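A short write-up of the structure that comes next.
Residue numbering restarts at 1 for every chain, and letters A, B, ... go by the order of the sequence lines. Worth saying up front: this structure is predicted, and the values here are computed from it rather than measured.
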There are 2 protein chains.
Amino acid sequence: MNRSNGEELHPRDTAGDGISRGPGRPRSAAADEAILGAALELFAEVGYQALSMEAVAARAGVAKTTLYRRYPDKAALVAAATDRARPSVEFPDTGSMRGDMVELFRVTESALDSPMTMRIFALMVSEFAENSEFRDVYWRNFVEPRRQAFAEILERGKQRGELRGDADIDLLVDILAGSAMYQAIRPGTEPLTERMERIIDLIWTAL
Amino acid sequence: MNRSNGEELHPRDTAGDGISRGPGRPRSAAADEAILGAALELFAEVGYQALSMEAVAARAGVAKTTLYRRYPDKAALVAAATDRARPSVEFPDTGSMRGDMVELFRVTESALDSPMTMRIFALMVSEFAENSEFRDVYWRNFVEPRRQAFAEILERGKQRGELRGDADIDLLVDILAGSAMYQAIRPGTEPLTERMERIIDLIWTAL
DNA sequence: ATATCAATACGCTACGTTCGGTATTGATAA
DNA sequence: TTATCAATACCGAACGTAGCGTATTGATAT
């Protein structure tokens, strides 16, 4: 799990510009696609630990060596596969800040319920303990976009006068994102959206 | 990783009442102790993944079979070892609610910085995705006590009149605990305690 | 009291299996 | 000619199991 990026380690840049090609047979783009697709599927199905390189190779219809030609190890492969799967985040605009917040949480809820998102989250947390660069990929792809959406909503609210001009947006985002993550982890409570609505209302009495 | 408790699976209840003992040689309490100690040490040192049963047995000075006589698999052993390691949580009482909160966070910060706590946290999150009963052990031992401390502080504040009587304590605890966890995960910011102070102050303008 | 018995734990060694990762080989595409 | 591909064998680490002989205990028979 303590792995460097992997892109640097392999001579052929599969996803590269494609213009300057060295000698010899080029990598198969079809294999690239099949590998990443199979890896992502299996990761979503069984999680990181139970994902085996043999299974990925089998599902992709590719030999195991073909995997290792592209990625130095399992960690790098999974990182690349999940990296590609960035879910797009919508920036809601309902007119009111509270409405935007609720809508954003509503949209996020399904993501937090999906096993794949939780698995990525788990990977991020566990890799944090190991201080790997892994964490940065996940943070950038999965957390930062949602933080951006939060910040955007708050900024608009500020301009509309719904939020005090001196409010620390970064701090507010921390509180909101932290509460959302916590609700996702916390066992057995009321539905996420409802609870988050109450959290929003509580914080907003202090706006 | 999908494992039932383990206590039920093995006939001898090592930690049982000790009064009614059937025939046969009893389990060695020294071995019990050595096993759990070695497992906890190794878990803190190398994490769950890299922890091997062979290493535990070697460090405990015990045969591998002795491990499997007690615990059905690695997951159960680690669960038992970490279960025993409940860190005690102090309930601060500085006189003011804000002071109590800050003090509690200050004490908690060192725990959040230790690799073992982070590893347990990671295990909890990843096991949540797998829906294992594992998660409940960790939640009960590591999260719930701190939630209790939070709730206690807030309750005292309520009685002192520092907090509105109709404040939803459970919800407040969620926000505070969630923010703290988030800060622990979030890469590279200011020191946890300082940031938590600001979060407390922000929320408390809405008391 | 003492020997025996049944039951269980213990350490040891070995084994079967899975899986990550490497090496080799012959064929194939550019 | 040169690198990729698939197939296969291989190595080593690790989980978990099985069998052996031995040690320790409670119950029982003499």
Exercise. Under 4.0 Å between a side-chain N/O of B/R70 and OP1 or OP2 of C/dC10, yes or no?
Worked result: yes
Exercise. Rounded to the Å, how far apart are B/Y68 OH and D/dG19 P?
Worked result: 17 Å
For this session: With rounding to the nearest 0.5 Å, note down the distance linking CD1 in A/I169 to CD in A/E152.
Result: 10.0 Å
For this session: Take atom CG of B/L77 and atom C1' of D/dC15, then tell me their distance rounded to the nearest Å.
Result: 13 Å
Seminar exercise, completed: To the nearest angstrom, the CG-P distance between B/L67 and C/dC10 comes to 10 Å
Problem set entry | Spacing of A/I35 atom CD1 relative to D/dC5 atom C1', expressed in whole Å | 11 Å
For this session: Between protein and nucleotides 11-19 of chain C, map the contacts as a letter string: B base, S sugar-phosphate only, - none, heavy atoms under 4.0 Å, written 5' to 3'.
Result: BB------S
For this session: Answer yes if the ring centres of A/F150 and A/F105 are under 6.0 angstrom apart, and no otherwise.
Result: yes
Exercise. Which listed nucleotide (C/dT22, D/dT4, D/dG26) is nearest to the side chain of B/P23?
Worked result: D/dG26
Problem set entry | Closest listed nucleotide, where the reference is the side chain of B/R25 and the choices are D/dT4, C/dC10, D/dT17 | C/dC10
Exercise. Just how far, in rounded Å, is P of D/dT4 from CG of A/D32?
Worked result: 12 Å
Seminar exercise, completed: Sequence neighbours excluded, the answer for side-chain contact (heavy atoms from CB on, under 4.5 Å) partners of B/A63 is B/T65, B/T66
Seminar exercise, completed: Atom CZ of A/R27 and atom P of C/dA29 are separated, to the nearest Å, by 18 Å
Seminar exercise, completed: dist A/I153:CD1 -> A/L104:CG (nearest 0.5 Å) comes out at 4.5 Å
